[in-house]
Asks: 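Here you go, one structure.
Predicted model, so just to flag it, every value in this text is computed and none were measured. The sequence lines fix the lettering, A, B, ..., with proteins before strands; numbering per chain opens at 1.
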Amino acid sequence: MTLNTSRSTFQNKTPSSVSCEVCMNKTCLIKRNLQTLSNSKFVNQKRTLQIKKGQQFIIEGAPVNGLYFVKQGKVKVFRTGINGKEHIVRFANEGEIIGHRGFGTGDSYSIGAIALEHSVLCCFSKQMLQDVLLENPRFSYDMMLFYANELNKSEAKVKSLSQMMVRERVADMLLYINRKFGSTNGFINLPLSRKEYADYTGTSDEQIIRIFSALKKEKLIIARGKKIGILNIDALKKEISAHNFFLDS
DNA sequence: TCATTAATCGCAC
DNA sequence: GTGCGATTAATGA
């Protein structure tokens, strides 16, 4: 039985391909279920991609060819709206899944994805994944948890966009990014432009700059070039405490 | 170094 | 609060 007949890109494994057995990424859904998946040949049929910084690897509207797992690096997922304004749906860290919305009924991606830094992705074809989901309940359950979580976060984001002031959204975002990506030397480990901050919070870059400089004056954050650092996490939390929820992990 | 791009600020609406 | 445009800082060829 040949699963992939005419998918030329999937047929030759790239030399840089790393087997899941030796992968060090503990957060990866595949890696976590490797015991139950080991008898399946599917983990060997993945494709490993090297993505350069700023390179787009999922195009909006393009036909779905598979799901991507971030082995290494950071990625932004976005959706373009009216007159080319892009809205960043989420940021994906190592071990996360991208393109899962195009899975199932959809035949084309509803989102685009760009690497924020040099990244390594593992790509599984839609067909392979479907087969595995059907025969492996344990893995399917894990996937379902992931989907439920994504939906929850998505709903939380709707609330934040509709009910919070811009300043609160910025504070919320900074806390979220800080928790998710961590920081070194007091600066958040995510090289984002002001525009990208704006695209995530649903405002303009000017607005972000204004909020940032206000927060700088109040000694809540510091900014050096592109790098942003949080000085007072508790004060930022107080900003959004009226809504008593935080966009979690 | 110069050229291109991003960040910042002021101003009008 | 929002968006345009000029100025300045930062980055890349």
Asks: For the pair made of CD1 in Ile208(A) and C1' in dT8(B), what is the distance, rounded to whole Å?
Replies: 14 Å
Asks: Just jot down the side-chain contact (heavy atoms from CB on, under 4.5 Å) partners of Ile98(A), sequence neighbours excluded, or say none.
Replies: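 Partners of Ile98(A) by the side-chain contact (heavy atoms from CB on, under 4.5 Å) criterion, ordered by chain and then number, come out as Phe57(A), Ile58(A), Tyr68(A), Val70(A), Val75(A), Val77(A), Arg90(A), Ala92(A), Ala113(A).
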Asks: Would you kindly say whether Tyr109(A) and Asn65(A) are connected by a side-chain donor-acceptor distance under 3.5 Å?
Replies: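 Yes, side-chain donor-acceptor contact under 3.5 Å.
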Asks: Rounded to whole Å, please give me the gap between CD1 in Ile221(A) and P in dA7(B).
Replies: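 The answer, rounded to whole Å, is 13 Å.
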Asks: Identify, between Lys226(A) and Arg167(A), the residue whose nearest nucleotide on DNA chain C lies closer to the 5' end.
Replies: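 The residue closer to the strand's 5' end, by nearest nucleotide, is Arg167(A).
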Asks: Quick one: Phe212(A) CZ to dA6(B) P, roughly how many Å, whole number?
Replies: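 For the pair Phe212(A) CZ and dA6(B) P, the rounded distance is 16 Å.
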Asks: With a strict under 4.0 Å distance from non-hydrogen atoms of chain A, what nucleotide opens and what nucleotide closes the contacted stretch of DNA chain C, reading 5' to 3'?
Replies: dG1(C) to dC4(C)
Asks: Below 6.0 angstrom between ring centroids: does that apply to His87(A) and Phe78(A)?
Replies: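 Between His87(A) and Phe78(A), the centre distance exceeds or equals 6.0 Å.
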Asks: Using heavy-atom distances to pick each residue's nearest nucleotide on DNA chain C, tell me which of Glu206(A) and Met165(A) is more 5'.
Replies: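 Looking at the nearest nucleotide for each, Met165(A) comes out on the 5' side.
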Asks: Does Lys46(A) make a cation-pi contact with Phe69(A), if we ask for NZ or CZ under 6.0 Å from the ring centre and within 45° of the axis?
Replies: no
Asks: Find the distance Asp199(A):CG to dA6(B):P and express it as a whole number of Å.
Replies: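 In whole Å, dA6(B) P and Asp199(A) CG are 12 Å from each other.
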Asks: We want to know whether Asn152(A) and Ser154(A) form a side-chain donor-acceptor pair, criterion being a heavy-atom distance below 3.5 angstrom.
Replies: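 Ser154(A) and Asn152(A) do not have a side-chain donor-acceptor pair below 3.5 Å.
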Asks: Answer yes or no: does a side-chain N or O of Arg194(A) lie under 4.0 Å from OP1 or OP2 of dT8(B)?
Replies: yes
Asks: I need the CZ-C1' distance between Arg210(A) and dT8(B), as an integer number of Å.
Replies: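 The distance from CZ of Arg210(A) to C1' of dT8(B) comes to 9 Å, rounded to the nearest Å.
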Asks: Please enumerate all residues that pass side-chain contact (heavy atoms from CB on, under 4.5 Å) together with Ile222(A), with sequence neighbours excluded.
Replies: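 Per chain and number, Ile222(A) pairs via side-chain contact (heavy atoms from CB on, under 4.5 Å) with Phe187(A), Leu231(A).
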